[in-house]
J.: 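Below is a structure I'd like to ask you about.
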Amino acid sequence: VQLQASGGGLVQAGGSLRLSCAVSERTFSKRYMGWFRQAPGKEREFVGAISWSGGRTYYVESVKGRFTISRDNAQNTMALQMNSLKPEDTAMYFCAAAHSDDKWSPSYWGNYGMHHWGKGTLVTVSS
């Protein structure tokens with residue numbers, strides 16, 4: 001499974017960015033997907049996840065109400081819409097795919113991550 005995140009950049013606080021993740025795998029529609037981030041000098045943080053159909057999502061408290069995860073199974077893509085950005089959102093953002101046998105497990109993913117990872121895209125929020 002190959003994943004590639006894109007769409008990062010520099011934005012002012014209060015602004016918006018939309019990240020995309022392209023996945024090259026024919027069973028994409030059967031995998032739970034997620035976003036993670038890692039700020040300089042900090043540990044990786046789970047941002048949120050989306051179910052196969054997109055009908056179920058999970059967000060960590062720090063981004064709830066500001067970030068939205070969506071997916072397009074026909075295009076094998078996932079997106080992270082980030083609104084009302086704050087300087088503390090500055091990080092490298094990674095998209096990830098769960099193992100094909102995983103059940104819906106945000107608490108597990110938050111602690112242990114997902115099975116497949118792509119290269120990140122840098123988001124910088126200036127104050």
Side-chain angles (χ1 to χ4, degrees):
V1 179
Q2 293 185 334
L3 304 95
Q4 179 65 59
S6 62
L10 174 63
V11 63
Q12 287 189 332
S16 298
L17 271 179
R18 184 177 179 86
L19 306 184
S20 294
C21 177
V23 183
S24 59
E25 198 230 4
R26 60 185 174 86
T27 60
F28 168 76
S29 63
K30 297 301 184 185
R31 289 186 185 271
Y32 297 123
M33 300 289 297
W35 287 96
F36 293 77
R37 66 186 181 184
Q38 187 165 18
K42 295 189 176 181
E43 293 187 353
R44 183 185 65 201
E45 179 186 22
F46 181 45
V47 174
I50 188 165
S51 63
W52 298 349
S53 67
R56 183 189 294 187
T57 52
Y58 172 87
Y59 303 95
V60 294
E61 199 61 36
S62 59
V63 307
K64 200 174 291 184
R66 300 187 299 121
F67 290 12
T68 303
I69 301 174
S70 60
R71 67 190 294 167
D72 183 340
N73 288 339
Q75 299 293 324
N76 275 24
T77 58
M78 175 179 64
L80 177 66
Q81 177 66 42
M82 304 185 294
N83 299 327
S84 302
L85 282 162
K86 304 175 181 180
E88 51 263 43
D89 295 318
T90 294
M92 187 72 76
Y93 283 72
F94 301 88
C95 58
H99 193 280
S100 56
D101 292 337
D102 272 8
K103 299 191 185 307
W104 181 252
S105 310
S107 59
Y108 177 87
W109 297 325
N111 287 313
Y112 302 108
M114 288 186 168
H115 197 70
H116 302 281
W117 297 87
K119 292 182 179 180
T121 185
L122 181 62
V123 173
T124 303
V125 184
S126 63
S127 57

J.: Please collect all salt bridge (charged side-chain N to carboxylate O under 4.0 Å, His left out) contacts where either partner lies in residues 39-48, sequence neighbours excluded, each pair once.
T.: R37-E45
J.: May I have all residue pairs that pass salt bridge (charged side-chain N to carboxylate O under 4.0 Å, His left out) and include part of residues 61-75, sequence neighbours excluded?
T.: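 Sorted result for residues 61-75: E61-K64, R66-D89.
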J.: Shortest non-hydrogen contact from W104 to I50?
T.: CZ3-C, 3.6 Å
J.: Where do M82 and L19 land on the side chain to side chain contact (heavy atoms under 4.5 Å, CB included) test, with the steps shown first?
T.: CA-CA 8 Å; M82 304 185 294; L19 306 184; 3.7 Å; yes
J.: Got a sec, which pairs hit disulfide bond (SG atoms under 2.5 Å apart) with one end in residues 6-99, sequence neighbours left out?
T.: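 Checked against disulfide bond (SG atoms under 2.5 Å apart) - neighbours excluded - the pairs reaching residues 6-99 are C21-C95.
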J.: Side chain to side chain contact (heavy atoms under 4.5 Å, CB included) for Y59 and I69? Distances and angles first, verdict last.
T.: CA-CA 9 Å; Y59 303 95; I69 301 174; 3.6 Å; yes
J.: In chain order, what residues pass the side-chain hydrogen bond (donor to acceptor under 3.5 Å, both in side chains) check against K103, with sequence neighbours excluded?
T.: none
J.: Of all residues at least two apart in sequence or in a different chain, which pass the side-chain hydrogen bond (donor to acceptor under 3.5 Å, both in side chains) check with Y32?
T.: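 So Y32 forms no side-chain hydrogen bond (donor to acceptor under 3.5 Å, both in side chains) with any residue.
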J.: Determine whether R31 and H116 satisfy the following criterion, side chain to side chain contact (heavy atoms under 4.5 Å, CB included), listing intermediate values before the conclusion.
T.: CA-CA 10 Å; R31 289 186 185 271; H116 302 281; 3.5 Å; yes
J.: Donor-acceptor pairs under 3.5 Å, side chain of residues 2-18 to any protein atom, not counting sequence neighbours: which ones?
T.:
{"residue": "S16", "atom": "OG", "partner": "N83", "partner atom": "OD1", "Å": "2.9"}
{"residue": "R18", "atom": "NH1", "partner": "Q81", "partner atom": "OE1", "Å": "3.3"}

J.: Listing request: all ring pair (Phe, Tyr, Trp, His ring centres under 6.0 Å) pairs with a residue in residues 1-28, at least two apart in sequence or in separate chains.
T.: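 For residues 1-28, and leaving out neighbouring residues, there are no ring pair (Phe, Tyr, Trp, His ring centres under 6.0 Å) pairs at all.
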J.: Could you note down all residue pairs passing disulfide bond (SG atoms under 2.5 Å apart) where residues 24-79 supplies at least one of them, sequence neighbours left out?
T.: none
J.: Can the ring centres of W109 and W35 be said to be less than 6.0 Å apart?
T.: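 Between W35 and W109, which both carry aromatic rings, the centre distance is not below 6.0 Å.
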J.: List the steps, then state whether side chain to side chain contact (heavy atoms under 4.5 Å, CB included) holds for V23 with M33.
T.: CA-CA 10 Å; V23 183; M33 300 289 297; 3.7 Å; yes
J.: Filter on ring pair (Phe, Tyr, Trp, His ring centres under 6.0 Å), then keep only pairs touching residues 78-100, sequence neighbours left out; what's left?
T.: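 Counting only pairs at least two positions apart or across chains, the ring pair (Phe, Tyr, Trp, His ring centres under 6.0 Å) contacts touching residues 78-100 are H99-H115.
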J.: Looking at K30, is its backbone amide N or carbonyl O close enough to the side chain of W52 to form a donor-acceptor pair, meaning the two atoms are under 3.5 Å apart?
T.: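 Confirmed, W52 side chain pairs with K30 backbone.
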J.: Do you know which two heavy atoms are closest between L122 and A91, and how far apart they sit?
T.: CD1-O, 3.6 Å
J.: Please list, chain by chain and in numerical order, all residues satisfying ring-ring contact (aromatic ring centres under 6.0 Å, His included) with F36, sequence neighbours excluded.
T.: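 F36 satisfies ring-ring contact (aromatic ring centres under 6.0 Å, His included) with F46, W117 once adjacent residues are dropped.
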J.: Taking T90 for its side chain and V125 for its backbone only, find out whether a donor-acceptor pair lies under 3.5 Å.
T.: yes
J.: Once side-chain hydrogen bond (donor to acceptor under 3.5 Å, both in side chains) is applied, do any residues pair with R56, and if so which ones, sequence neighbours excluded?
T.: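 side-chain hydrogen bond (donor to acceptor under 3.5 Å, both in side chains) list for R56, sorted by chain: empty.
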J.: For the atom pair CG (N76) and OG (S29), what is the distance rounded to the nearest 0.5 Å?
T.: 7.5 Å
